[in-house]
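Have a look at the structure below, then the notes.
We name chains A, B, ... by the order of the sequence lines, and we start the count at 1 in each one. What you see is a predicted model, and the numbers here were worked out from it, not measured in a lab.
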Number of protein chains: 2
Amino acid sequence: MTGLRERQKADRTGRILDAASRLFRAQGYDAVRIEDIAAAAEVSAGTCYNYFSTKGDLLLAIVSMEVEEVVEAGHTLVTTPPPDTAQALGSLIRLYYDHSLHYLSKEMWRKAMAFSIEAPGTPFSQRYTELDAMLSAQVCDLIAALQKRGLARPDLDAKVFGQIVFNTLNQMFIEFVKQDAMPLSDLHRLSDAQTASLAGLIR
Amino acid sequence: MTGLRERQKADRTGRILDAASRLFRAQGYDAVRIEDIAAAAEVSAGTCYNYFSTKGDLLLAIVSMEVEEVVEAGHTLVTTPPPDTAQALGSLIRLYYDHSLHYLSKEMWRKAMAFSIEAPGTPFSQRYTELDAMLSAQVCDLIAALQKRGLARPDLDAKVFGQIVFNTLNQMFIEFVKQDAMPLSDLHRLSDAQTASLAGLIR
DNA sequence: AAAAAAGATTGAGTTCGTTCATTTTTGAAG
DNA sequence: CTTCAAAAATGAACGAACTCAATCTTTTTT
């Protein structure tokens with residue numbers, strides 16, 4: 001079933017993604033030209049456009065892989081939440097934040113977020129939006145799980161409140177990547193304060 | 001004290017802003033070239049760059065003027081809020097949303113938001129971020145005003161809660177401008193539902 | 001009022017993302 | 001094995017944002 005054509009296609013996709021990911025991280029998104037990526041992936045510039053519609057979409061493909069990992073890691077945590085509301089929320093949020101700079105620079109996040117707003121219809125922009133929705137749903141699930149364990153007010157709409165929490169942490173993350181000088185520890189501090197407030201409303 | 005040089009500078013700035021605003025709205029941000037703006041403003045392309053650092057920053061200058069108007073209009077409403085929590089919040093939000101498409105297209109909003117994330121250091125990007133903070137503060141002020149009138153739980157931190165409300169409405173607005181097909185009425189529906197939930201938490 | 005300095009304008013030139021006509025490679029049919 | 005069609009790769013050409021050395025305009029100095 002795996003013809004030569006199919007195998008080469010997958011191989012090229014992988015090489016382009018690898019090359020782009022490595023170069024973006026090493027030199028920055030703007031400093032890397034499509035031609036550089038093509039050269040590193042041993043294809044031509046035109047071929048990159050057979051696989052990814054724009055440079056921005058290629059970036060979003062890379063970012064999406066990262067977010068996929070986070071969604072998976074988050075799933076484990078949501079199914080076995082710590083036995084305290086603030087700590088449960090805090091752990092999930094910390095998981096998201098700490099993963100974020102593992103493979104991606106702030107510049108890459110900025111460009112990715114910008115592109116997903118600017119060009120929402122692009123294939124990987126849609127994928128990225130989906131993944132965002134999955135993260136949001138995960139927070140909702142956590143709150144529902146806490147309710148089930150009697151750690152959160154049962155009269156709360158878990159979906160509405162989960163989205164509120166997600167919007168808040170998302171907004172703080174945007175501020176974080178917008179300021180190159182801001183260290184991760186500051187994001188944690190801000191986040192812990194908000195989480196405490198929000199946990200107060202839940203309990 | 002207004003020398004010739006100063007007057008010409010103000011005049012040119014105005015002409016560039018006017019031309020760009022008109023052309024962006026009529027033809028779309030991407031379709032308009034700097035040269036087109038320059039021609040319409042009766043200057044050269046290079047001159048546009050003496051006044052605005054990039055095309056994106058020029059757009060943000062235009063968007064900022066719009067947001068300034070909204071901040072002003074909102075101020076009136078916050079000082080004399082309707083005598084009902086949900087209605088007060090709803091009026092302010094409606095004010096923001098209804099103003100949004102008056103002078104600016106969805107594409108312009110998308111590009112502006114994208115640029116403000118992508119290039120946060122640029123002069124008008126900073127201005128735009130400031131204005132965003134002012135809107136957020138306005139929502140906080142409204143909640144504080146409601147507390148003062150006994151229309152909201154006094155034990156609530158107005159600042160924290162205001163930011164939550166602002167983040168929520170901001171996020172909904174982003175979804176709105178990301179989908180060209182979505183009518184303003186749908187945004188209102190979504191917003192009304194969320195506002196009702198949030199008003200419930202406040203009372 | 002002339003000369004010098006400071007400040008702005010200009011548009012040709014550079015760069016890089018993107019497109020597309022042409023060429024090459026792959027897979028199927030005879 | 002040859003022929004043909006479909007799919008994919010290629011790189012030269014294009015377009016638009018942005019830069020910068022040369023030029024022009026305004027202000028200040030003598």
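For B:Val43, counting side-chain heavy atoms from C-beta on, the closest listed nucleotide (C:dT10, D:dA9, C:dT9) is C:dT10. Picking from D:dC18, C:dT18, D:dA9 the nucleotide with the shortest atom distance to the side chain of B:Lys55 gives D:dC18. Nearest nucleotide to the B:Thr47 side chain, out of D:dA9, D:dC18, C:dT10: C:dT10. If you check C:dC16, D:dT10, C:dT18 against the side chain of A:Arg33, the one that comes closest is C:dC16. Proximity note for A:Ser44 (side chain, C-beta onward) versus C:dT19, D:dG11, D:dT26: the nearest is D:dG11. Taking every side-chain heavy atom of A:Asn50 into account, D:dA8 is the closest of D:dA8, C:dT9, C:dT18.
For B:Tyr51 and C:dT9, the shortest distance from a side-chain N or O to OP1 or OP2 is below 4.0 Å. Contact annotation: B:Arg12 side-chain N/O to C:dT9 OP1/OP2 distance is under 4.0 Å.
Remark: P of D:dA17 and NZ of B:Lys111 are 11 Å apart, rounded to the nearest angstrom. What separates OH of A:Tyr49 from C1' of C:dC16 is a distance of 9 Å, to the nearest Å. The interatomic distance linking A:Ile34 (CD1) with D:dG15 (P) rounds to 20 Å, in whole Å. Rounded to whole Å, atom P of D:dA16 lies 8 Å from atom CG of B:Asp36. Here C:dT19 presents its C1' atom at 15 Å from CD of A:Glu35, a figure rounded to the nearest Å. Between A:Asp11 atom CG and D:dA8 atom P the separation is 15 Å, expressed in whole Å. Rounded to whole Å, the distance from CD on B:Glu6 to C1' on D:dT25 is 16 Å. When rounded to the nearest whole Å, the span between CG of A:Leu59 and C1' of C:dT18 equals 17 Å.
Looking at B:Arg189 and B:Asp186, a side-chain N of the basic residue comes within less than 4.0 Å of a carboxylate O on the acidic one, giving a salt bridge. Salt bridge status for B:Asp36 with B:Arg33: present, with a side-chain N to carboxylate O gap under 4.0 Å.
Using modelled atom types, one side-chain atom of B:Tyr97 and one backbone atom of B:Leu169 make a donor-acceptor pair closer than 3.5 Å.
Smallest separation of non-hydrogen atoms from A:Pro120 and B:Lys178: CG-O, 3.3 Å. Across all non-hydrogen atoms, the minimal contact from A:Ala88 to A:Leu142 is O-CD2, 3.7 Å.
Applying the side chain to side chain donor-acceptor pair (under 3.5 Å) rule to pairs touching residues 58-69 of chain B yields B:Glu68-B:Arg127, sequence neighbours excluded.
Base engagement by B:Arg5 is indicated by at least one non-hydrogen atom pair under 4.0 Å involving a base atom. When heavy atoms are screened at a 4.0 angstrom cut-off, B:Arg7 is found touching no nucleic acid atom at all. When heavy atoms are screened at a 4.0 angstrom cut-off, B:Gln8 is found touching the sugar-phosphate backbone but no base atom. Within the 4.0 angstrom heavy-atom criterion, no nucleotide atom of any strand lies near B:Phe52.
Nearest-nucleotide assignment on DNA chain D puts the 5′-proximal partner with A:Cys48, out of A:Cys48 and B:Ala45.
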